[in-house]
Enquirer: 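Please see the structure below; I have some questions.
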Amino acid sequence: MQTTLKIGTRGSPLALAQAHETRARLMKAHGLPEQAFEVVPISTSGDRIQDRPLSEAGGKGLFTKEIEEALLDGRIDIAVHSSKDMPTVLPDGLELSTFLPREDARDAFIGKTAKRIADLPHGATVGSSSLRRQALIRRMRPDLDVVMFRGNVQTRLRKLDEGVAEGTILAYAGLKRLGLEHVITDLMPLDIFPPAPGQGAIGIESRIGDGPVEQMLAAIHDVPTGQALACERAFLAALDGSCRTPIAGHATISGEKLSFAGLIISPDGTESHEVRLDGQAVDAAKIGAEAARAVRAKAGAKFFEGWA
């Protein structure tokens, strides 16, 4: 294998923090110096498009397309992603082979005029770019004005300071990785505000059949996180989940047991359907797909008509 392993990533502070965490784990696992790795920031369409929701611009793949092209043509050796940003279908020749130990999957509320969503004044403005978060906010507080809020973590926090909105919701894991826990005013309970599939987990994409790279990555792969993500991504895939669909899903692993909770919700927050399934962790993907079939049956065909 070449002397320098090239790690592809988006260029935001959070994406770079995740790439640096990956590099640190590889250095420790293999006793290698920092010079054995090169972090390669790549600008993606998702980073450049800031004037409209991703659901209108093309969905999750906008955050991965350019990075995956670099992986396929050999400019980088691995790609580090936020797992929740990954489409369920990957380009031919690539796989999500490795997951780092998962961080806390909860969402965090950052409020300027109130510490909790429940305490916001009637008609207050809350910003979010996630259809899932928007729908869940509307379910909790139909009176709030939910607005589109694009940009990286620092951009969204600046918008709050500028008064564009009175609150926003971000992934707790991302704020922790950036050392920004102090801005959080409330943590959202998993049962009331379930996370996106893959939230809190760093996923590493690599070329199928690249033996030396596979060997390096195997040393840092966290099996329970991989099992949980297999379940959540199967749930998402069976529901044809994208940025256009408000879907939540969270699997937890305890020894050989897996517990999964999933939810689908209408964009306006007025209708939602939940599913819970338990099983063996080795059957993670089957459980996710089964949960999707169950919640589809519960919701009925008409529920999905407006999603496309």
Enquirer: Are there more than 12 heavy atoms of other residues, nucleotides or ligands under 6.0 Å from atom NZ of K286?
Expert: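 No, NZ of K286 has 12 or fewer neighbouring heavy atoms, counting only those of other groups under 6.0 Å.
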
Enquirer: Is D73 salt-bridged to R207, going by a charged N under 4.0 Å from an acidic O?
Expert: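 Salt bridge absent between D73 and R207.
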
Enquirer: State, without any angle test, whether E205 and H81 hold a side-chain donor-acceptor pair at a distance under 3.5 Å.
Expert: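 Checked: E205/H81 side chains pair up, N/O donor to acceptor below 3.5 Å.
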
Enquirer: Counting only heavy atoms not in K28 (residues, nucleotides, ligands), do more than 12 fall under 6.0 Å from its NZ?
Expert: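 No, not enclosed.
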
Enquirer: Name the atoms and distances for all side-chain donor-acceptor pairs under 3.5 Å in residues 272-285, with sequence neighbours left out.
Expert:
| unit_1 | atom_1 | unit_2 | atom_2 | d |
| --- | --- | --- | --- | --- |
| S272 | OG | R139 | NH1 | 3.1 |
| H273 | NE2 | E271 | OE2 | 2.8 |
| D278 | OD1 | S259 | OG | 2.9 |

Enquirer: Is the closest basic N to carboxylate O distance between R158 and D161 below 4.0 Å?
Expert: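 D161 and R158: not salt-bridged.
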
Enquirer: Cluster question for you: counting only ILVMFWY and a side-chain heavy-atom cut-off of under 4.5 Å, with indirect links fine, are I184 and L157 together?
Expert: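 They do share one cluster, since a chain of ILVMFWY contacts under 4.5 Å joins I184 to L157.
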
Enquirer: Side chains of T113 and E166: is there a donor and an acceptor less than 3.5 Å apart?
Expert: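 Note: T113 and E166 side chains meet the donor-acceptor criterion.
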
Enquirer: What do you reckon, is CG of D92 surrounded by more than 12 foreign heavy atoms closer than 6.0 Å?
Expert: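 Counting other residues, nucleotides and ligands, CG of D92 stays at 12 neighbours or fewer.
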
Enquirer: Would you say the side-chain atoms of S12 pair up with the backbone N or O of A15, donor to acceptor, closer than 3.5 Å?
Expert: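 Confirmed, S12 side chain pairs with A15 backbone.
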
Enquirer: Answer yes or no for K159 and F149: cation-pi contact, defined as NZ/CZ to six-membered ring centre under 6.0 Å and angle to ring axis within 45°.
Expert: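 Judged by the rule (NZ or CZ under 6.0 Å from the ring centre, within 45° of its axis), K159 counts as positioned above F149.
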
Enquirer: Please check if atom CD in E256 has more than 12 non-hydrogen atoms from other residues, nucleotides or ligands closer than 6.0 Å.
Expert: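 No, because the 6.0 Å sphere around CD of E256 holds 12 heavy atoms or fewer from other groups.
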
Enquirer: Just to verify, what does Q18 make a side chain to side chain donor-acceptor pair (under 3.5 Å) with, not counting sequence neighbours?
Expert: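 Testing Q18 for side chain to side chain donor-acceptor pair (under 3.5 Å), a comparison that skips the adjacent residues, returns S82.
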
Enquirer: Taking all heavy atoms of L175 and all of A108, pick out the closest pair and write down the distance.
Expert: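 Reported closest heavy-atom pair: CD1-CB, 3.9 Å.
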
